[in-house]
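Single-structure report; data block below.
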Amino acid sequence: MGPGPARGLPAAYDRTHVRATVRRRPRMSAFRASAGHEAGFWIVAAVFLTTMAYSTVPTPLYPLYEKADGFPVSLVTVIYSSYAVGVMLSLYFAGHVSDWLGRRRMLLVAVGISILSALMFLLWPESLGLIGARLVNGVSIGILSATATAHLGELRAIAKPQESIAFATSVAGGANLGGLALGPLVGGLLAEFLPDPLVIPHILFLVLLILCALALLMVPETVVPPNERPRYRPQKLSVPRANRTIFLVAAFGAFAGFAVFGLFSSLVPTFLAGTFGDRDHLLAGVAVFAIFASAAVGQLALASRRLRTQLTIAIAACAVGLTLVAVGALLPQVALFLGGGVIAGLGVGVLFRGAIATALGIAEPGHSGETLALLFLIAYAGPVIPVLAVGIALAFAPPVAVLLVFAAVVLAATVVAGSIMRRRAPV
């Protein structure tokens, strides 16, 4: 969700480092380097998109797993949260190792782990297997997001040395959020129109992921291994000492925003079936697609606006969207519910971009990667703690009541965090 953590990002923007990488390969002509890295850029973007898409393919399938295995709806939140836990663990322990082990190697590892999760879905479709498969898939995404973002920046800097970094970062963001949006749509389409909806989506992506791994073998490496490999350590985390309060506010806003993504990614199909009586798998996939797509569109469309303007729009969209979600569930009106989700998705996407900008603006010199790493780890706790709380509450209270409380709490959190960040933003 959102662009990958920034531990790998500084190298992606260090064009001196990139040019040095090319110079150390004297046999490669400038033309061959440019052409090979240009093709590699688009291969990595396609792999990024495909692997991110597979991470959200199961979303419209959860009601089918519930029915097949007979587990309660609260377990869906555990299954989904295990994915976020996997992302957090890999961000902390492996999100930065491509800086010395190599981008291509770690991308192959990430895709290989996603292939393992697909096999787990196929061979162990019971509840414990689903939890394990989602955890493994999350580990893959944590490695992938940091590494692919850095690799895209470096490949583009070699292929187009005079080009602004904005293009590479836009492609990385589009592949990241675009993949998250595309996955539920593909899963919903396959579940609605093809037989064996718990088998065919995983087989399809198993084949695609294998093709991705083979394609990566043709991508140039952009990291020159050091003569002496540094001693392994987990990701460094850094809180700006002089601006600790505003950092915590930005992190809290990211946490609350990701809780919205987590709720819709895990429970939209269940709410559609239980509250609105609509068991259309395609509708469930389209709904989650629209929410992630609106977040991506909002980030891209408002990228050139001032930070204060972005945060104003984010606050308004979160407030209006979450209110419509609550009203739609209360009436019940599925159009209001889903329309509110789309508006809230736009707000959350822009709010998260604002949180990143705020964290970068207050990070101590030389520690921006460490500060952003902590921001991402806090953000990814959003789909864990609140969504698990929703799952527990669903065992004791009706879904609409739980949703209303969740919407009210997250609305307050996003508006307060966004307002404080807006006051601190440059005029």
Side-chain angles (χ1 to χ4, degrees), residues 1 4-5 7-8 12 39-58 79 82-125 128-152 154-155 172 175-176 178-180 182-183 186-187 199-223 225 229 232 234-235 376 380:
M1 303 179 192
R7 175 65 189 177
F41 175 85
W42 293 111
I43 290 173
V44 171
V47 170
F48 198 2
L49 178 77
T50 302
T51 312
M52 293 302 297
Y54 183 57
S55 72
T56 51
V57 161
I79 294 169
S82 65
Y83 164 81
V85 170
V87 175
M88 293 170 68
L89 289 173
S90 63
L91 286 179
Y92 182 62
F93 289 106
H96 58 303
V97 297
S98 71
D99 286 348
W100 65 86
L101 286 182
R103 308 296 187 208
R104 183 177 64 180
R105 179 181 297 179
M106 292 310 298
L107 284 178
L108 284 166
V109 169
V111 172
I113 295 173
S114 277
I115 289 172
L116 174 61
S117 71
L119 292 172
M120 292 176 69
F121 270 112
L122 288 168
L123 300 175
W124 194 6
L128 286 178
L130 297 176
I131 292 171
R134 291 300 283 160
L135 178 69
V136 169
N137 190 244
V139 170
S140 165
I141 297 306
I143 297 171
L144 175 86
S145 57
T147 306
T149 301
H151 204 187
L152 286 170
E154 292 164 357
L155 288 167
N176 194 329
L180 292 172
L182 192 61
V186 174
V199 174
I200 289 179
H202 300 296
I203 290 178
L204 171 63
F205 273 88
L206 178 62
V207 173
L208 290 175
L209 290 168
I210 291 172
L211 293 175
C212 284
L214 294 174
L216 283 173
L217 297 176
M218 299 183 289
V219 175
E221 179 57 74
T222 54
V223 170
R229 182 179 298 179
Y232 171 79
Q235 170 75 279
F376 271 85
Y380 268 102

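Closest heavy-atom contact between Gly95 and Ala146: O-CB, 3.3 Å. Between Gly138 and Ser90 the shortest heavy-atom distance is O-OG, 3.7 Å. Shown here for Gly40 and Pro220, the closest heavy-atom pair between the two residues is CA-CD, 4.2 Å.
Counting heavy atoms from C-beta outward, Leu108 and Leu217 have side chains that approach closer than 4.5 Å. Using a 4.5 Å heavy-atom cutoff, the side chains of Leu155 and Val219 are in contact. Residues Phe121 and Tyr54 form a side-chain contact, since some pair of their non-hydrogen atoms from C-beta on lies under 4.5 Å apart. Side-chain atoms of Val223 and His151, non-hydrogen and from C-beta on, never get closer than 4.5 Å to each other. Residues Leu91 and Gln235 have side chains not in contact (no heavy-atom distance under 4.5 Å, counting atoms from C-beta outward). Considering only heavy atoms from C-beta on, Val186 stays 4.5 Å or farther from Pro201 through its side chain.
For the side-chain contact (heavy atoms from CB on, under 4.5 Å) test, residues two or more places apart in sequence or in another chain that qualify with Val207 are Leu211. With sequence neighbours excluded, the residues that form a side-chain contact (heavy atoms from CB on, under 4.5 Å) with Leu122 are Val199, His202, Ile203, Leu206.
Between the CZ atom of Arg104 and the CG atom of Leu216 there is a distance of 8.5 Å, given to the nearest 0.5 Å. Taken to the nearest 0.5 Å, the OG atom of Ser145 stands 9.5 Å off from the CG atom of Leu180. Here the CZ atom belonging to Phe48 is positioned 4.0 Å from the CG atom belonging to Asn176, to the nearest 0.5 angstrom. Of the inter-residue distances, the one linking Ile210 atom CD1 with Phe205 atom CZ reads 13.5 Å to the nearest 0.5 angstrom. Atom OG of Ser98 sits about 11.5 Å away from atom CZ of Arg105, to the nearest 0.5 Å. Atom OG1 of Thr56 sits about 7.5 Å away from atom OH of Tyr83, to the nearest 0.5 Å.
Looking at Arg103 and Thr147, their side chains never bring a donor and an acceptor atom within 3.5 Å of each other.
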- request: Just do the side-chain contact (heavy atoms from CB on, under 4.5 Å) check on Ile113 and Ile143 with the steps written out, would you?
  value: CA-CA 10 Å; Ile113 295 173; Ile143 297 171; 3.9 Å; yes
field: Residues Val57, Leu204; criterion side-chain contact (heavy atoms from CB on, under 4.5 Å); working and verdict
entry: CA-CA 11 Å; Val57 161; Leu204 171 63; over 6 Å; no
side-chain contact (heavy atoms from CB on, under 4.5 Å) between Val139 and Val87, intermediate numbers included: CA-CA 5 Å; Val139 170; Val87 175; over 6 Å; no
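Screening Val44, Leu49, Thr50, Ile43 for a side-chain contact (heavy atoms from CB on, under 4.5 Å) with Val47, the sole residue that qualifies is Ile43. Checked against Ser140 for a side-chain contact (heavy atoms from CB on, under 4.5 Å), the options Leu116, Leu209, Thr51, Ile115 give a single hit: Thr51. When the options Phe93, Tyr92, Trp100 are evaluated for a ring pair (Phe, Tyr, Trp, His ring centres under 6.0 Å) with His96, the one that passes is Trp100.
At least one donor-acceptor pair closer than 3.5 Å links the side chain of Ser117 to the backbone N or O of Ser114. Between the Ser82 side chain and the Arg134 main chain, no donor and acceptor come within less than 3.5 Å of each other.
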